[in-house]
Amino acid sequence: PPKGSFHDEL
Amino acid sequence: MNLFRLLGDMTHLLSIVVLLLKIRTVKSCAGISLKTQELYVIVFLTRYLDLFTKYYSVYNTAMKLVFLGTSIGIVWYMRYHKVVKQTYSKDEDTFKHYFLILLSIILALLIHRAFDVIEVLWTFSLYLEAVAILPQLVLLQKSRNIDTLTGDYVFLLGAYRALYILNWVYRFLMENHKFRWIPWISGLVQTALYADFFYYYIKSWKNREKLKLPA
């Protein structure tokens with residue numbers, strides 16, 4: 001994901 | 001993955017375990033807001049849209065499935081289980097939670113990082129989660145006596161997002177992550193809404209007395 005996003009979080 | 005986020009996820013998972021424990025062992029959902037549980041199902045459905053399109057890790061996928069499964073299961077229990085549904089405090093769970101959904105949709109359409117479906121729905125899920133606890137907190141204020149498991153559930157649910165804020169600070173400092181207004185502000189608002197509850201919960205715990213919120 002782009003550096004700024006937190007999509008890798010729950 | 002950093003310690004704060006892992007602790008946050010474990011605390012979140014524990015809150016759900018405590019709630020399921022209460023519902024399954026006591027066969028009662030008295031004092032639990034069905035509206036908050038329904039809002040959480042919407043939060044997870046709109047946040048985990050990338051469940052089958054994006055793979056981050058086994059942990060990430062597994063936890064998404066657990067959160068989706070348990071939140072839907074809890075709503076099912078409270079709505080359809082023949083014994084549990086009788087214990088639902090229907091006439092006290094009166095918060096107009098549809099407004100929370102509407103407001104979050106409008107806000108997500110106005111303020112987001114990118115105008116694409118995934119990002120807008122993800123942003124919506126952050127805004128909705130920030131206010132999802134309101135029906136539950138209102139219900140607690142109406143409940144004369146709050147049972148221990150319900151108090152523990154709400155405390156753990158509030159604590160998890162506070163840990164996530166520490167995780168964002170860590171990622172900002174250590175992973176030179178850019179500052180992200182939307183998750184930060186949503187998380188701060190969410191945690192702030194628990195402030196009042198945290199105060200009374202910790203006080204009742206220190207004084208070894210029953211948890212009671214002022215009406």
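By convention in this document, chain letters (A, B, ...) are assigned in the order of the sequence lines, proteins followed by strands, and residues within each chain are numbered from 1. Being a predicted model, the structure only gives us computed values, none of them experimental. In what follows, every heavy atom counts, from backbone to side chain, and hydrogens, waters and symmetry copies are set aside.
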Less than 4.5 Å apart, side chain to side chain, heavy atoms only: is that true for B:Lys54 and A:His7?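 No, every pair of side-chain atoms sits at 4.5 Å or beyond.
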If you count the non-hydrogen atoms of other residues, nucleotides and ligands that lie under 6.0 Å from [atom1] in [X], is the total more than 12?
X: B:Tyr59; atom1: OH; answer: yes
X: B:Phe52; atom1: CZ; answer: no
X: B:Trp205; atom1: CH2; answer: no
X: B:Tyr80; atom1: OH; answer: no

Quick one: what part of B:Asp50 sits under 4.5 Å from any heavy atom of chain A, side chain, backbone, both or neither?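 Side chain only.
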Which one, B:Tyr48, B:Phe44, B:Phe179, leads in non-hydrogen pairs under 4.5 Å with chain A?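 Of the candidates given, the most pairs with chain A belong to B:Tyr48.
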Without swapping roles, check the side chain of A:Asp8 against the backbone of B:Tyr56 for a donor-acceptor pair under 3.5 Å.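 Not at all, since once roles are kept as given, no pair shorter than 3.5 Å links the two residues.
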At their closest point, which heavy atom of B:Arg47 faces which heavy atom of A:Leu10, and how far apart are they?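 Heavy atoms only, the tightest pair is NH1-O, 3.6 Å.
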